[in-house]
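Here the structure is laid out as structure tokens; the discussion comes afterwards.
Being a predicted model, the structure only gives us computed values, none of them experimental.
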2 protein chains.
Amino acid sequence: MPKLGMEPIRKDALVKATITEIGRTGSLDVTVSQIAKRAGMSSALAHHYFGSKEDMFLAAMRHIMTIYGAEVRGALGVAQTPMARIDAIVVASFSAANFRREAVGAWLNFWVLAQTVPQAKRLVAVYQRRLKSNLLVGLRPLVGARAEAIAEGLGALIDGLYLREVLRPGAPDGAAAAQMARDYLSAHLATPPQDHNL
Amino acid sequence: MPKLGMEPIRKDALVKATITEIGRTGSLDVTVSQIAKRAGMSSALAHHYFGSKEDMFLAAMRHIMTIYGAEVRGALGVAQTPMARIDAIVVASFSAANFRREAVGAWLNFWVLAQTVPQAKRLVAVYQRRLKSNLLVGLRPLVGARAEAIAEGLGALIDGLYLREVLRPGAPDGAAAAQMARDYLSAHLATPPQDHNL
DNA sequence: AAGTTTATTGACTCGTCAATCAACAAAAAA
DNA sequence: TTTTTTGTTGATTGACGAGTCAATAAACTT
């Protein structure tokens with residue numbers, strides 16, 4: 001039965017199965033056997049292709065971020081104006097895909113993982129930098145030097161809104177979250193630079 | 001040795017030990033034995049006072065939120081103006097206490113727990129409602145009807161900023177986060193109500 | 001004093017799980 | 001065709017862990 005060139009196929013299946021299982025259980029408390037079974041192979045084979053469970057988690061994390069990155073890139077591709085670019089990122093961040101059980105489980109659990117696994121923390125940092133950099137491209141033509149601070153804030157707001165929607169009882173409302181992010185932006189666009197006073 | 005009236009003392013010790021251990025490991029992957037040992041008793045006694053590990057987690061969650069609530073209440077107590085009230089909440093949210101390993105571990109992991117344990121989700125909802133309601137008291141005198149939306153946004157921003165600081169490589173900067181939240185507010189205060197357009 | 005409630009633990013049950021290994025099969029290289 | 005590389009799994013190891021239970025002891029009740 002051994003067809004050659006199985007490695008990428010098996011790894012891919014394992015990554016997807018890992019994400020599915022994390023979404024199913026809502027935690028990192030998934031066994032290699034569960035993952036392997038869902039991916040249609042023995043747990044021994046999973047260990048053969050990935051050295052350890054942690055490696056599987058990291059690969060899954062990379063995969064989730066790749067998906068998200070692709071979604072953003074796709075949306076940016078059709079955006080013509082700076083404003084449209086920003087909106088594209090916002091909309092992509094609150095797409096239905098990101099509210100699927102698996103995606104939610106992945107993000108929340110990867111944040112937890114980042115606390116203790118340096119590699120995971122680095123991946124989170126990559127995501128944050130990329131988000132900020134994407135926002136900056138759209139913001140700089142609009143607000144110049146203030147872009148830096150606004151990108152930082154908007155990035156945080158996007159994460160915060162995502163978290164709220166995810167934890168809110170009932171179904172998440174991506175559109176409402178997106179609108180909230182837009183409001184943040186318009187408020188900052190309408191405001192001239194000012195001193196910080198209470 | 002059995003002195004009576006041990007229950008509250010033991011429970012308290014267990015709750016604190018639970019939080020400590022979650023902070024230490026950065027995950028909910030802590031054993032009852034670890035917790036019990038840190039609290040200075042046998043694991044059997046821990047099971048005696050709390051029915052299960054999940055009960056310990058929920059009690060720990062309540063405790064964390066109680067602490068945070070007290071901190072906010074304390075800060076609100078000395079605030080005289082609406083603006084000061086909002087600022088008090090912001091400052092309290094980014095206090096050094098909230099960036100301690102244990103607090104960070106607690107919050108992140110409780111978000112994960114909320115995905116699967118309804119009781120945990122309810123506790124998170126309580127926190128979100130209370131934060132919003134506290135913000136509303138300060139916001140209404142300032143912006144009237146717009147208070148609702150701004151409170152929602154500011155609440156999300158606070159969570160998002162917290163998350164960013166926590167996941168950022170290097171030490172978190174609570175002051176910077178607080179300033180970012182203030183900027184959000186001043187932008188909204190300076191902006192008149194407007195239509196939603198891109 | 002006898003009985004009850006509260007405190008406490010060591011030992012145990014029953015289960016799980018990550019990781020390893022020996023062994024087998026098929027394709028490719030020599 | 002022998003050898004090596006790649007794919008694959010069942011069985012096993014070695015360890016750990018949640019929750020139960022019986023037993024012991026001090027305090028409080030009647």
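Nucleotide C/dA26 holds its P atom 16 Å from the CG atom of A/L45, rounded to whole Å. Atom NE2 in B/H48 sits roughly 14 Å away from atom C1' in D/dA22 (whole-Å rounding). Between A/D55 atom CG and C/dA18 atom C1' the separation is 13 Å, expressed in whole Å. Here the P atom of nucleotide C/dT8 and the CG atom of B/L14 are 11 Å apart, to the nearest Å. Between the C1' atom of C/dA19 and the CD1 atom of A/I35 lies a distance of 14 Å, rounded to the nearest Å. With rounding to whole Å, A/K11 atom NZ is found 13 Å from D/dT6 atom P. Rounded to whole angstrom, the span from the CE atom of B/M6 across to the P atom of D/dC28 amounts to 12 Å. Regarding B/L4, its CG atom lies at a distance of 13 Å from the P atom of D/dA26, rounded to whole Å.
B/T18 places none of its side-chain heavy atoms less than 4.5 Å from the side chain of B/F50. A heavy-atom distance below 4.5 Å is found between the side chains of A/L185 and A/I150.
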Inset, instruction - Quick one, give me the B/S/- string for nucleotides 10-21 of chain D, reading 5' to 3', where B means a protein heavy atom under 4.0 Å from the base and S means that only happens at the primed atoms, P, OP1 or OP2. - result: B------SSBBB
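For C/dT8, the OP1/OP2 oxygens have a side-chain nitrogen or oxygen of B/R10 closer than 4.0 Å.
In summary, the side chains of B/E71 and B/S95 do present a donor paired with an acceptor at a separation below 3.5 Å, with no hydrogens or angles considered. No hydrogens or angles considered: a donor-acceptor pair under 3.5 Å links the side chains of B/D159 and B/Y127. Between the side chains of A/S93 and A/Y68, at least one donor N or O sits under 3.5 Å from an acceptor N or O.
Contacts of A/Y49 with the nucleic acid, taken as non-hydrogen atoms under 4.0 Å apart, involve only primed sugar atoms and P, OP1 or OP2.
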Legend entry - Full working for salt bridge (Lys or Arg N to Asp or Glu O under 4.0 Å) between A/E102 and A/R24: CA-CA 7 Å; A/E102 311 98 53; A/R24 214 177 53 74; over 6 Å; no
